[in-house]
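Predicted model, so just to flag it, every value in this text is computed and none were measured.
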Amino acid sequence: MQVPPHRRPDLDPGLLRFYADHFPDHTIAVCCFGNADARRAKPLLLWYSPLDPDRLTVPALDSHTGAAPDPDAAVPVDHWVLFSTDRAPSGWGAPVVYPGDMRHSLRDFLPTAVAGRHYGRGQALPNGDFTISHRDLLAGDLDRIERLRPARR
């Protein structure tokens with residue numbers, strides 16, 4: 001009831017069941033916003049301990065229908081996948097420059113350097129998240145980025 005009616009998504013129970021079945025140890029966030037507010041949008045930052053501290057995973061499981069994603073589908077992608085780590089040595093990755101008027105309290109949570117690549121231009125990949133080992137990321141071996149497909153647990 002704390003979310004205004006025009007911002008409440010009509011969640012498909014099958015979508016929630018899919019995530020409960022495939023990601024039982026994960027927490028989900030349902031973001032409720034109106035597209036008319038996009039220009040005034042604020043970033044959503046989550047701080048958490050990873051389930052596997054030796055792997056970095058970027059959520060990218062696709063389903064644009066509101067229904068459960070098809071984990072067996074090949075999906076068209078147009079993503080910049082960027083990783084960062086607070087254990088990177090000086091000079092690692094591409095430096096990130098933030099607007100001068102950004103609050104320092106926000107900037108303290110953001111990376112100073114990133115490494116990644118673009119996936120797109122008509123490319124289709126197996127549906128899933130992007131993942132890389134921490135060791136491969138630190139070594140700059142971005143060819144080791146993999147698609148992590150969900151498995152029922």
Side-chain angles (χ1 to χ4, degrees), residues 3-88 92-99 106 109-153:
V3 177
H6 71 282
R7 291 189 177 177
R8 293 181 200 155
D10 184 20
L11 297 175
D12 180 336
L15 177 65
L16 298 176
R17 192 170 30 262
F18 173 86
Y19 279 98
D21 290 346
H22 290 83
F23 301 95
D25 298 326
H26 291 72
T27 300
I28 65 167
V30 177
C31 301
C32 305
F33 59 90
N35 285 336
D37 296 332
R39 290 182 187 209
R40 296 185 319 225
K42 303 289 186 209
L44 172 68
L45 297 175
L46 302 173
W47 194 275
Y48 62 92
S49 297
L51 295 175
D52 182 350
D54 295 325
R55 292 203 76 74
L56 288 83
T57 302
V58 176
L61 189 59
D62 263 316
S63 177
H64 297 281
T65 63
D70 178 356
D72 298 320
V75 295
V77 293
D78 186 12
H79 306 300
W80 274 99
V81 180
L82 302 174
F83 294 95
S84 188
T85 173
D86 54 5
R87 292 193 232 145
W92 175 91
V96 180
V97 178
Y98 297 104
L106 172 60
F109 289 98
L110 300 176
T112 57
V114 296
R117 63 173 30 149
H118 181 249
Y119 295 87
R121 297 184 205 94
Q123 186 177 16
L125 295 174
N127 206 358
D129 299 331
F130 290 93
T131 187
I132 189 170
S133 75
H134 196 245
R135 179 181 317 154
D136 290 334
L137 179 63
L138 287 172
D141 191 356
L142 301 179
D143 288 337
R144 304 286 297 172
I145 297 174
E146 303 171 310
R147 280 293 257 200
L148 180 63
R149 300 177 68 188
R152 184 179 290 265
R153 294 185 185 189

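- Applying the salt bridge (charged side-chain N to carboxylate O under 4.0 Å, His left out) criterion to Arg147, with sequence neighbours excluded, gives no partner residue.
- Residues satisfying the ring pair (Phe, Tyr, Trp, His ring centres under 6.0 Å) criterion with Tyr98, sequence neighbours excluded, are absent altogether.
- Taking CG of Leu138 as the reference point, atom CG of Leu56 lies at 8.5 Å (rounded to 0.5 Å).
- Using a 4.5 Å cut-off on side-chain heavy atoms (C-beta onward), Asp72 and Arg149 make contact.
- Around atom CZ of Arg8, more than 12 heavy atoms belonging to other residues, nucleotides or ligands sit under 6.0 Å away.
- Residues passing the ring pair (Phe, Tyr, Trp, His ring centres under 6.0 Å) test with His134: none are found, sequence neighbours excluded.
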For residues 110-126, which side-chain donor-acceptor pairs fall under 3.5 Å, sequence neighbours excluded?
{"residue": "Arg117", "atom": "NH1", "partner": "Leu142", "partner atom": "O", "Å": "3.1"}
{"residue": "Arg117", "atom": "NH1", "partner": "Asp143", "partner atom": "OD1", "Å": "3.2"}
{"residue": "Arg117", "atom": "NH2", "partner": "Asp143", "partner atom": "OD1", "Å": "3.2"}
{"residue": "His118", "atom": "NE2", "partner": "Asp78", "partner atom": "OD1", "Å": "2.9"}
{"residue": "Gln123", "atom": "OE1", "partner": "Gly120", "partner atom": "N", "Å": "3.3"}

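- For Pro99, the side-chain contact (heavy atoms from CB on, under 4.5 Å) test picks out Asp101, Met102, with sequence neighbours left out.
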Cut-off 3.5 Å, no hydrogens considered: what does the side-chain donor-acceptor table look like for residues 10-23, sequence neighbours left out?
{"residue": "Asp12", "atom": "OD1", "partner": "Gly14", "partner atom": "N", "Å": "2.6"}
{"residue": "Asp21", "atom": "OD2", "partner": "Arg152", "partner atom": "NH1", "Å": "2.8"}
{"residue": "His22", "atom": "ND1", "partner": "Phe18", "partner atom": "O", "Å": "2.9"}

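- In this structure, the side-chain contact (heavy atoms from CB on, under 4.5 Å) partners of Thr65, at least two apart in sequence or on a different chain, are Ser63, Ala67.
- Evaluation of the side-chain contact (heavy atoms from CB on, under 4.5 Å) rule for Asp25 yields Leu51, Arg153 as partners, not counting sequence neighbours.
- Ser84 meets the side-chain hydrogen bond (donor to acceptor under 3.5 Å, both in side chains) test with no other residue; sequence neighbours excluded.
- Smallest separation of non-hydrogen atoms from Val30 and Pro9: CG1-CG, 3.8 Å.
- Contacts classified as side-chain hydrogen bond (donor to acceptor under 3.5 Å, both in side chains) and involving residues 52-61 (residues at least two apart or in different chains) are given here: Arg55-Thr131, Arg55-Glu146, Thr57-Thr131.
- Contacts of Asp62 classified as side-chain contact (heavy atoms from CB on, under 4.5 Å), with partners at least two apart in sequence or in another chain: His64, Val75, His79, Asn127.
- To the nearest 0.5 Å, the span separating CG on Asp136 from CD1 on Ile145 amounts to 9.5 Å.
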